[in-house]
Amino acid sequence: MSAGRRTLDVSALPNYAFGHQALVWWGSVGFMVIEGSMFVIVLIAYFYLRLQVSDWPPSLPNPAVGFGTANLLLVLVSCIPAALAKKAAERLDLKSVQLWLVILTLFGLGSVVLRAFEYPALNCRWDDNAYASITWLLLSLHTIHVATDVVDSGVLAALMFIGPVTERRLVDVAENSFYWYFIVLWWVPIYLTVYFAPRWL
Amino acid sequence: MFNLVRSYLAGAAAGDNPWNADTLEWGTSSPPPVYNFLHVPIVEGQNALWDRSQPGPVVTGIRSDCREVLVTDVMDAEPHHREEFPRPSIWPFLCSVVTSAFFIGSIFTPWALPVAVVPLAVTLIGWFWPERNAPDSADERAARLREARA
């Protein structure tokens, strides 16, 4: 390097970042845009089908709301361990991260178990008619997201115990909570559509 | 086409930045080395090359023994942190093989989905799982975290 050349030495900069500075945050947001679009498309299909008939559900009983409502409460409460895992990750507190990530995974597993009870409570088979098909699709699309994030949380929790744990893996923990919020938030309109559109509309 | 052939066979070779363009891609030599820039150049004004002092200031301190890149602010491009990208791995290839088999299989039977889910999850987790003894001295930092916990 020629003498006198001005340089900017970045070797002292950290090798990780939380929040919107992290590359994985942008990845998460991009994923939310894609998956959110999927939810919107299926909801549009649902209401399009609703407009085609006068009875909704067409010649089928309403879904029973019990398990779906229980699941709504469960995932809303699960935002607490998700938030605590995120906060613990941001202060690089591995012990708390381990605790809250395990609890978050258990909440997610509970949500998947409740979901298994929601399918019979829909009171229709997926191939009964268009209403039944779109209802199953809507519920299943969300179930896939819940199940995927449970696996995510479980793998991250295992990594937190097995190692190697670096700061960047704790950024992943924070982003996992961020994505869990997205899945929980989407359950509100999907829950209302699946269980209350047949009653109110 | 005539121009292409003629220029290839005869005539003077164009030097670096033959039309004095101001954008960064013209800031390297012609023909460019495979790495484009030895050091990341620092932009000093709105017109990157025209406003450049001589010799142009550069970024140093990015590791060259691993795939480390500089991450900057979105708006002001101020250096913020260094991000190390993963080393080459077989897992993305295995993942794409499973995904292709799943898509082709799903043309013929819906059972392709439940069958493919398990190997797909295995390849994705294998892809994510961090390497031990990676050159970023991950173990040192893990040890530091263990101390912080204790």
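Below, read A as the first sequence line, B as the second, and so on, with proteins coming before strands; counting in each chain starts at 1. Worth saying up front: this structure is predicted, and the values here are computed from it rather than measured.
- Per-residue counts of heavy-atom pairs under 4.5 Å with chain B were compared for A:Ser96, A:Ala12, A:Gly163; the largest is that of A:Gly163.
- Heavy-atom distances place the side chain of B:Ile125, and not its backbone, under 4.5 Å from chain A.
- When heavy atoms are compared at a cutoff of 4.5 Å, A:Val151 approaches chain B solely by way of its side chain, counted from C-beta outward.
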Subject >> Audit row: B:Trp19, B:Trp26, ring-ring contact (aromatic ring centres under 6.0 Å, His included) steps and yes/no >> reply: CA-CA 9 Å; B:Trp19 30 60; B:Trp26 295 102; 5.3 Å; yes

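- Chain A forms more heavy-atom pairs under 4.5 Å with one residue of B:Val59, B:Leu124, B:Leu38 than with any other, namely B:Val59.
- Of the atoms belonging to A:Asp172, it is side-chain heavy atoms, and not backbone ones, that fall under 4.5 Å from chain B.
- For the residue pair A:Val97 and A:Ala89, the shortest heavy atom distance occurs at CG2-N, 3.4 Å.
- Side chain of B:His39 to backbone of B:Gly61: no donor-acceptor contact under 3.5 angstrom is found.
- No hydrogens or angles considered: nothing links the side chains of A:Ser153 and A:Trp180 as a donor-acceptor pair under 3.5 Å.
- Atom CZ of A:Phe117 has 12 or fewer heavy atoms from other residues, nucleotides or ligands within 6.0 Å.
- Checked against a 6.0 Å centroid threshold, the rings of A:Tyr179 and A:Phe182 count as neighbours.
- A:Phe196 is listed as a side-chain neighbour of A:Val65, based on a closest heavy-atom distance under 4.5 Å.
- Annotation: residues 28-64 of chain A contacts chain B through no residue [non-hydrogen atoms, separation under 4.5 Å].
- With a threshold of 4.5 angstrom between heavy atoms, A:Leu156 approaches chain B through side-chain atoms but not through N, CA, C or O.
- The ring of A:His142 has its center no closer than 6.0 angstrom to the ring center of A:Trp186.
- There is no side-chain donor-acceptor pair under 3.5 Å between B:Ser30 and B:Asp16.
- Against chain A, the residues from residues 44-53 of chain B that qualify, each with a non-hydrogen atom under 4.5 angstrom away, are B:Glu44, B:Ser53 in number order.
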**OP:** Could you go through the side chain to side chain contact (heavy atoms under 4.5 Å, CB included) check for B:Val98 and B:Val122 one step at a time?
**Re:** CA-CA 10 Å; B:Val98 173; B:Val122 169; over 6 Å; no

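- For the pair B:Leu120/B:Cys95, a side-chain contact is recorded, criterion being any heavy-atom separation below 4.5 Å from C-beta on.
- Contact check for B:Val69 versus B:Arg67: no side-chain heavy atoms found under the 4.5 Å cut-off.
- Donor-acceptor pairing under 3.5 Å is recorded for the side chains of A:Thr143 and A:Tyr119.
- With a 4.5 angstrom heavy-atom cutoff, B:Val74 touches chain A only via side-chain atoms.
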